[in-house]
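Order of the sequence lines fixes the chain letters, A, B, ..., with proteins taken first and strands second; residue numbering starts at 1 for each chain. What you see is a predicted model; the values in this text were computed from it and never measured. Just so it is clear, the values below take in all heavy atoms, side chains as well, and ignore hydrogens, waters and symmetry mates.
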Amino acid sequence: MKVYEKNNSVILEGVADFDPKHIFECGQCFRWHIQDDGSYTGVAKGKVINVSKDNDKIYLNNTNLEEFNTIWYNYFDLGTNYTEIKNTLKNMDEYLDKACEFGWGIRILQQDGWEMLVSFIISSNNRIPMIQKAIENLSRKYGKFIGEYEGKEYYAFPTPEELNKASQEEIRACQTGFRDKYIKSTTESVIKNKENISAYTNLSTEECIKELTKFNGVGPKVGDCIALFGMQKYDTFPVDVWVKRVMQEFYVEEDMSLPKIRKYAIDKFGDLAGFAQQYLFYYARELGIGR
DNA sequence: AACCAGGGGTCGT
DNA sequence: ACGACCCCTGGT
């Protein structure tokens, strides 16, 4: 991979297994939006950045080499060899083979743990456009102003201290619905116990999920998502409705419970369970499998 | 036009 | 084990 800077952009040449659509639409993130030109603009790590692809070049716009080295290299998980991961998964069975081919450019972003905690609490019993709207509202109201990009204003996701200034009613006014109380209680608990959410990456997967599910509004599925997307716990397997469908379609009996599907997948896919989940989710959702 | 069913995890009973 | 929770979408 060749990396160089040009006109407020960082250009990556010959990077394998990277497709913006696959990355931003595989269910792992909520703050990336497609633009008229097919590129994606998003807020992460307190910055606004735009990502586009042209043949074998990836353009990271509105950033520079220093930020690439300190932030975006890890954020886009560029140190991980996805070709190898896909090869291992594809050899397991024909369904993973198809799913990996289909979502060939997926990468699991290394996102902020605190932001994932709140975002996936909002995601429970909720749909993606609604989740995006609520997170946007919370950021605009309580997060720091980052700046304008292409005529739009962007705000960082609020820190625990910033979000703690909001009352339950004010949180609900951001269109969180009945999850307002979960967000309030979780934020208060983080502040009160001086929780360092980013340190959860140091825990074992099991310990990490056990700690996460102590927060109000975090059950098994949401806990799995936070661990996978915010804490690099790749040996877990969030089972949402789409993953349940695709698993029942290809692997297990129709009446298998969610915890059993999860265990089945973790036993089968092992350390790569989280990656398998992403390929299967994207495949199932884009193709409407099991609907 | 007005209404109702559907979607989607967690909590509390 | 099961209903309630919020709110937008899509169908009738």
Side-chain angles (χ1 to χ4, degrees), chain A residues 25-31 33-34 111 113-141 163 166-190 195 197 200 205-206 208-231 233 236-249 252-266 273-274 277-278 280-291:
Chain A
E25 295 186 18
C26 65
Q28 61 177 327
C29 54
F30 302 107
R31 299 206 71 192
H33 295 281
I34 193 161
Q111 301 183 81
W114 159 249
E115 181 176 338
M116 293 302 100
L117 174 57
V118 178
S119 297
F120 279 96
I121 286 175
I122 295 172
S123 83
S124 84
N125 202 17
N126 207 350
R127 301 163 123 177
I128 290 172
M130 291 298 306
I131 303 164
Q132 292 175 330
K133 210 180 285 178
I135 295 171
E136 212 48 57
N137 290 340
L138 287 173
S139 301
R140 175 167 296 113
K141 200 118 188 258
L163 193 54
S167 67
Q168 188 179 319
E169 292 70 27
E170 287 168 328
I171 291 171
R172 182 173 277 232
C174 292
Q175 312 204 56
T176 56
F178 62 83
R179 306 154 198 87
D180 58 352
K181 54 188 177 295
Y182 302 153
I183 298 168
K184 188 66 201 162
S185 136
T186 293
T187 306
E188 270 176 352
S189 146
V190 167
E195 292 277 1
I197 300 295
Y200 281 33
T205 301
E206 196 189 355
C208 178
I209 291 168
K210 198 181 121 206
E211 286 305 310
L212 285 169
T213 45
K214 285 182 185 169
F215 291 110
N216 199 11
V218 181
K221 187 271 180 182
V222 167
D224 272 340
C225 284
I226 301 164
L228 176 58
F229 303 131
M231 287 141 198
K233 302 304 175 198
T236 191
F237 193 84
V239 183
D240 74 338
V241 63
W242 287 102
V243 173
K244 172 177 160 273
R245 284 175 187 149
V246 72
M247 289 301 289
Q248 288 173 343
E249 182 87 10
V252 302
E253 291 302 316
E254 192 74 18
D255 58 356
M256 190 183 268
S257 69
L258 299 186
K260 280 190 173 147
I261 295 177
R262 177 180 185 271
K263 185 178 180 333
Y264 175 95
I266 291 172
Q277 194 269 3
Q278 285 291 275
L280 289 169
F281 174 90
Y282 185 71
Y283 187 62
R285 213 170 98 88
E286 292 288 311
L287 271 55
I289 286 173
R291 271 182 47 134

Rounded to the nearest angstrom, tell me the gap between atom [atom1] in [X] and atom [atom2] in [N].
X      : N      : atom1 : atom2 : value
A:I131 : B:dG7  : CD1   : C1'   : 11 Å
A:K214 : B:dT10 : NZ    : P     : 17 Å
A:L212 : B:dG9  : CG    : P     : 17 Å
A:D224 : B:dT10 : CG    : P     : 9 Å
A:K184 : C:dC6  : NZ    : P     : 19 Å
A:I183 : C:dC5  : CD1   : C1'   : 14 Å
A:I226 : B:dG9  : CD1   : P     : 13 Å
A:K221 : B:dC11 : NZ    : P     : 13 Å

For the side chain of [X], counting heavy atoms from C-beta on, which of [options] is nearest?
X      : options               : answer
A:N216 : B:dG9, B:dC11, B:dT10 : B:dC11
A:F178 : B:dT10, C:dC8, C:dC6  : C:dC6
A:R127 : C:dC8, B:dG9, C:dC6   : C:dC8

A:K181 atom NZ, over 12 foreign heavy atoms within 6.0 Å: yes

Sugar-phosphate, base or nothing in reach of A:F215, heavy atoms under 4.0 Å: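 Here A:F215 touches the backbone only, sparing every base.
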
Sugar-phosphate, base or nothing in reach of A:R262, heavy atoms under 4.0 Å: nothing

Sidechain N-carboxylate O distance under 4.0 Å for A:E211, A:K214: yes

Side chains of A:T236 and A:R262, donor plus acceptor under 3.5 Å: yes

Earlier contact from the 5' end, DNA chain C, for A:N126 and A:P129: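 Result: A:N126.
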
Minimal non-hydrogen separation, A:F215 against A:S189, with atom names: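 Closest approach of A:F215 to A:S189: CE2-OG, 3.4 Å.
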
Exercise: identify the closest heavy-atom pair between A:L212 and A:M231: CD1-SD, 3.8 Å

Along DNA chain B (nearest heavy atom to each residue), the more 5'-positioned of A:W242 and A:V218: A:W242

Phosphate OP1/OP2 of C:dC5: any A:R179 side-chain N/O under 4.0 Å: no

